[in-house]
Amino acid sequence: MSTTPLLQVRNLKKHFPIHRGILFKKQVGAVKAVDGLDFDVMPGETLGLVGESGCGKSTTGRLILRLIEATAGQVTFDGQDLLQLPADRMREMRKQMQIVFQNPYASLDPRMTIGDSIAEPLRVHGVGDEAAVQKRVKELLERVGLSPTYSGRYPHEFSGGQRQRIGIARALAIKPRFIVADEPVSALDVSVQAQVLNLLDDLQDEFGLTYLFIAHNLATVQHISDRVAVMYLGKMVELGTSDQLYANPKHPYTQALLSAVPEPDPTLKRERVILQGDIPSPVNPPSGCRFHTRCPVAVDRCRVEDPAFVDTGSGHMVACHHHPAVALPMVGLPGSVA
Amino acid sequence: MGAYILRRLLTSLPLLLGVTLLLFCIMHLMPGGPLAAYTQNPRVRPEDLEKIKHIMGLDQPLYMQYLYWLRSLLTGNLGNSLFTGQAVTEMIASFLPNTLVLMGTSFIVSLAIGVFLGVMSAVKQYTAFDFGVTTFAFIGYSLPVFWFGVMLLLLFAAQLKWLPSGGVHDLGETGLLDLIEHLVLPVTMLSIVSVASWSRYMRSSMLEVIRQEYVRTARAKGLDEFRVIGRHAFRNALVPVVTIIALALPGIFGGAIMTETIFAWPGIGRLFFDSLGRSDYPVIMAILTISAALVVVSNILADIAYAALDPRIRYD
Amino acid sequence: MTVRSTSPAMRRVLPSLLSLGLLAGCAGKGGDQPAKTGGAEGGAMARTIVIHNQQEPETLNGAISSMMATVDAITPIMSALITVNDKMEYIADLAETVPTLENKGVKLEGKGMTVTYKLRKAAWHDGKPVTSDDVKFTWQVYQDPAVKATSRDGYDKIKAIDTPDAQTVVVHFKEIYAPYLGLFGGIFPRHLLEADLKKQDKPGDSHFNQSAWNRAPVGSGAFKFKEWVPGDHITYEANTAYYRGKPKIDTIVFKIIPDENNAYTQLQAGAIDIYQSAALTQYDQLKQMSGVVIHETPSLSYEHLDFNLANPVLADVKVRRAISMAINREEISAKIYKGLYKAAFSDQSPLNTIYYEPAVEKLSAFDPEGAKKLLDEAGWVVGEDGFRAKGGKQLKLGIASTSGRKPRELTEQVMKSYLKAVGINLEINNVPGPKLFGRPDGLLYSGQYDLGLYAWVSNIDPNNIFLWNSKQHPPAGQNYTRYSNPEVDKLTEAGNKTVNTAERAKIYKRIQLLLAQDAPMMPLLVWTTLNVVNQRIEGFKPNPTSAGNLWNCHEWSIKQGS
């Protein structure tokens with residue numbers, strides 16, 4: 001693994017404005033979907049990005065690929081700030097970065113054969129003549145475990161797992177270096193999930209891919225990720241290697257998420273932390289630490305001061321006032337259930 | 001597919017038959033009847049009226065009149081008008097071309113403008129352009145069409161004298177330019193409402209598609225925006241709109257009574273209105289039956305179009 | 001040509017700016033196109049008059065139509081033996097003279113009579129001569145039960161027609177038929193229509209009713225039929241061989257314009273020369289339009305109020321007269337009809353000077369005090385609520401008219417207040433036209449009304465037997481008021497048997513006086529027709545009778561220099 005990051009994200013923000021009025025619109029607020037993210041992704045690495053629905057993790061993926069425009073910040077890919085690139089150069093860059101969506105069915109144009117869907121980026125980016133394109137489509141289908149004869153079929157003729165393989169083939173078509181996998185398996189049956197995860201894993205080894213792997217539970221990313229980042233209400237609360245994070249979660253939110261992960265070994269009993277209430281609205285996020293409204297160990301300071309995202313050693317980052325002084329008691333907290 | 005169409009056509013025959021029977025009954029429930037025009041004329045004496053009634057076949061029992069009509073339908077000649085004496089097919093043939101020109105032009109113009117505005121307004125959702133189109137659409141919808149037509153007439157034909165006030169051609173003219181000049185005002189009157197509605201249909205259909213993942217995928221593939229919208233979003237957004245288009249097709253035959261009246265346009269709408277006014281049963285029945293048949297056919301067309309446009313739909 | 005000068009030039013240039021680029025490719029061609037409003041801009045179309053009609057004729061066969069549009073559309077083509085001028089006088093058309101008792105054209109023979117016509121030398125538009133046999137054929141048309149004739153009245157009183165030579169027609173009537181001059185309004189060509197008449201499309205339905213001639217007639221009038229573009233216009237070309245003299249213009253175009261705003265616009269643009277029966281609502285604007293002349297002509301139609309004498313309240317002549325006297329015609333005319341519709345007092349038109357009795361005007365003048373006195377005499381006493389009552393029953397009457405006609409609805413409102421002032425409670429119950437006029441269940445025909453407000457059309461012939469004779473109560477006739485007066489019965493019958501005009505005039509004047517006294521009906525207002533004509537047209541003389549405005553189209557001309 002190289003030491004120069006492939007992708008550097010700095011102070012990335014996305015605020016969706018909220019308007020009022022019909023004739024004279026004025027902005028009355030903003031949904032702070034992503035509110036200042038800093039992280040790196042190393043070449044060949046898989047970074048897992050985890051959080052509850054609405055925390056901004058999918059938005060982050062899309063911001064990086066500029067499928068939506070960021071409000072502020074830098075996304076540096078291979079030394080270039082993507083957010084500053086003009087549209088035509090950005091289209092060029094897309095050869096190197098692709099996305100696999102959560103819903104493989106919705107991500108395929110229903111009026112195109114899967115062959116055409118896979119071939120389209122090849123044609124757009126002028127990768128060889130038509131024969132070469134067809135050959136490549138067949139190769140890709142085979143590589144993701146589908147029969148090449150399927151290329152004339154339409155998306156609705158496939159099962160969920162097959163569609164996700166198609167989506168992956170489509171993403172791989174132009175040999176990208178970086179793939180955002182936006183919850184690629186959460187819509188699939190559990191039995192199929194593992195197959196698709198294994199496929200992604202194999203492909204990474206084979207093509208030297210770098211993944212940003214977005215998921216809403218920690219269990220999914222645990223196996224595939226080298227490092228894992230946890231997001232809460234548009235901010236990152238903890239980032240560390242899989243081992244660091246799973247063995248020694250430092251943020252109360254990470255701990256709560258981990259306690260919700262089904263444990264394959266029932267003998268290892270873990271205390272379950274049930275979070276109180278719902279995620280607060282990102283329109284009007286809580287002051288101070290955003291998690292304090294639901295945090296079992298929140299103190300006064302948490303309500304006023306936003307904790308910094310600091311390295312606690314060996315790259316294990318966390319944003320919590322309790323760290324490093326406070327060892328987190330896990331039992332007898334308000335809201336916990338034995 | 002062929003078998004499907006055939007089956008649909010066959011099953012629609014009894015439906016059409018039922019429709020004609022219903023129409024026939026409703027038509028005879030209208031007050032007045034063909035003889036009303038004569039009863040106000042003191043020179044038409046009751047005994048003269050009896051003879052007219054007999055010649056028109058109105059002294060026959062109603063079910064016989066229906067059967068006679070059905071017979072003429074099956075032989076393909078639709079009977080003769082009670083008043084002009086002409087074959088109904090001939091009458092329709094002489095008014096239909098004008099209606100097709102007027103309605104066809106306005107259909108194409110309004111569809112083109114409406115779809116364009118709808119797409120642009122969806123692509124530029126919540127911009128000034130979008131609000132402009134939306135405002136226009138609501139004005140277009142709620143505009144009293146008759147009033148609007150008269151205003152167009154008075155402003156552009158009477159006041160400014162830019163455009164001719166009515167008819168298909170000026171006397172002695174047959175040219176295309178002359179025809180186009182005569183089309184501008186009635187087509188504007190007809191299109192204002194349909195542009196409004198097409199643009200709304202297209203906008204909402206487009207908005208639905210534009211949020212789909214495959215449109216995002218297309219962007220991620222590195223397609224330029226024109227291709228993303230044109231190839232992926234527009235083609236998919238068109239599917240539900242095509243159904244509405246197909247269902248609107250019979251209207252092209254039916255003409256537009258108000259527009260044809262205001263702009264002295266000799267079309268099917270006026271033929272129908274005049275015939276309705278004097279209860280010219282064979283003409284009324286012919287126009288209504290053809291319209292009903294067209295509704296059935298265009299429904300089938302809509303289904304075929306659906307299957308052609310959306311690979312997910314198959315009729316077996 | 002002031003009226004026409006602006007429009008064509010402007011119209012060449014500006015559409016391209018307007019029509020959303022549709023014309024972009026063709027706009028350049030516009031400038032060198034010939035002017036085309038059909039008017040006076042030189043060339044072959046130099047002498048064309050375009051006359052408007054709101055309706056399209058259903059056919060050009062006058063025998064089987066009851067539309068006024070048909071009359072207008074066939075007048076240029078067809079010849080009548082006798083026609084009517086704008087002063088409501090009979091004049092000779094195809095006949096050389098108007099046959100009367102005085103000039104021995106009419107001879108009374110016992111119960112019957114004989115009328116002799118001498119025909120002018122005339123030819124059909126296909127060159128064949130018009131002969132007495134064509135007149136006889138015309139009678140046969142009306143006699144044929146398989147013809148959808150709208151009026152056989154009169155033709156069925158003819159016993160035989162002799163044609164001693166090609167120019168002489170001798171019509172033998174079974175009985176004395178006073179309105180004989182109204183017959184033979186359009187002569188049919190035997191050589192073109194006899195085969196159609198004899199052929200029956202289905203038993204009892206002559207092919208005459210569907211003949212191709214009906215849409216492309218060959219007549220003998222001042223103009224030849226040229227073209228009928230359905231729904232749009234009919235074109236006629238001058239008949240240079242016309243027996244009353246070559247027409248002074250080349251072409252007449254009969255343009256069908258259903259909407260009155262459009263007709264107004266086309267008149268203003270010079271696309272039509274004659275706007276017939278213009279909308280009264282346009283009167284003020286039309287007065288300000290330059291280059292046109294407005295002809296305000298009294299019509300033969302008149303608004304009136306029917307009293308249903310079968311209603312016991314209205315059976316009392318005092319109540320009927322009181323209602324007539326309580327209503328102020330002048331005020332209704334001024335307030336609702338811009339003064340255009342003038343007060344009416346008789347069922348005969350004031351234009352029909354031979355028959356009209358001016359004395360009726362004093363008999364039924366506006367007099368609310370007189371009305372109250374009559375109601376007192378009739379035993380209707382004013383109650384606390386201001387309305388009269390007799391025997392505990394309020395004096396309450398319904399009025400029925402055709403719904404949706406604003407001036408009539410306003411008239412009813414005004415009447416309601418007039419009648420309230422004398423203590424009568426008027427209740428307005430309007431219905432759609434067919435529900436009012438229909439047979440057998442229309443309100444008038446079935447007698448389910450108290451007061452009826454609608455219009456009648458009088459005629460040049462004063463015959464009104466179908467309105468007032470007691471044998472004409474429905475279902476036999478149109479005596480919707482159920483009026484009966486033995487003297488009127490006798491007079492209406494005698495009127496139809498009297499050929500001498502002076503004697504006939506006495507009869508009908510007497511009827512008018514009796515009607516004014518008995519008041520079975522209150523004449524309200526005579527309609528006015530607005531015909532608006534481009535000032536370049538000369539010789540247009542509006543004709544309120546069934547001869548129509550085109551009665552003298554062979555005399556129409558276009559002013560020099562226009």
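Chain letters run A, B, ... following the sequence lines, proteins first and then strands; every chain starts at 1.
The contact between A/S117 and chain B is made by backbone and side chain atoms together, counting heavy-atom distances below 4.5 Å. Of the two parts of A/M93, neither the backbone nor the side chain holds a non-hydrogen atom closer than 4.5 Å to a non-hydrogen atom of chain B. Neither the backbone nor the side chain of A/R66 comes within contact range of chain B; no heavy atom of the residue lies under 4.5 Å from a heavy atom of that chain. Using a 4.5 Å cut-off between heavy atoms, B/V239 contacts chain A through its side chain alone, with no backbone atom that close.
With B/R216 as reference, A/L67 is the one residue of A/L65, A/I99, A/L67 to meet the side-chain contact (heavy atoms from CB on, under 4.5 Å) rule.
Remark: side-chain polar atoms of A/Q98 are paired, donor with acceptor, to backbone N or O of B/A220 under 3.5 angstrom. Between the side chain of A/R94 and the backbone N or O of B/R219, at least one donor-acceptor pair lies under 3.5 Å.
Atoms NZ and CG, on B/K221 and A/L122 in that order, are 9.5 Å from each other to the nearest 0.5 Å. Distance check, rounded to the nearest 0.5 Å: OG1 of B/T217 to CD of A/E120 gives 10.0 Å. A distance of 9.0 Å separates OH of B/Y214 from CZ of A/R111, quoted to the nearest 0.5 Å.
Interface check for chain A: of the options B/D310, B/L309, B/T135, the most heavy-atom pairs under 4.5 Å are formed by B/L309. Note: A/M112 leads A/M112, A/Q102, A/M97, A/E157 in heavy-atom pairs under 4.5 Å with chain B.
What you find for A/P110 and B/P311 is that their closest heavy atoms are O-CG, 2.8 Å.
Within a 6.0 Å radius of CZ in A/F16, more than 12 heavy atoms belonging to other residues, nucleotides or ligands are found. Counting heavy-atom neighbours within 6.0 Å of B/Q159 CD, excluding the residue itself, gives a total of 12 or less. Atom CD of A/E142 sits in a crowded spot, with more than 12 heavy atoms from other residues, nucleotides or ligands closer than 6.0 Å. In B/Y201, the OH atom is not crowded: 12 or fewer heavy atoms of neighbouring residues, nucleotides or ligands sit closer than 6.0 Å.
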Q. Stepwise, does the side chain to side chain contact (heavy atoms under 4.5 Å, CB included) test hold for A/D109 with B/R231?
A. CA-CA 10 Å; A/D109 187 331; B/R231 190 145 179 203; 5.9 Å; no
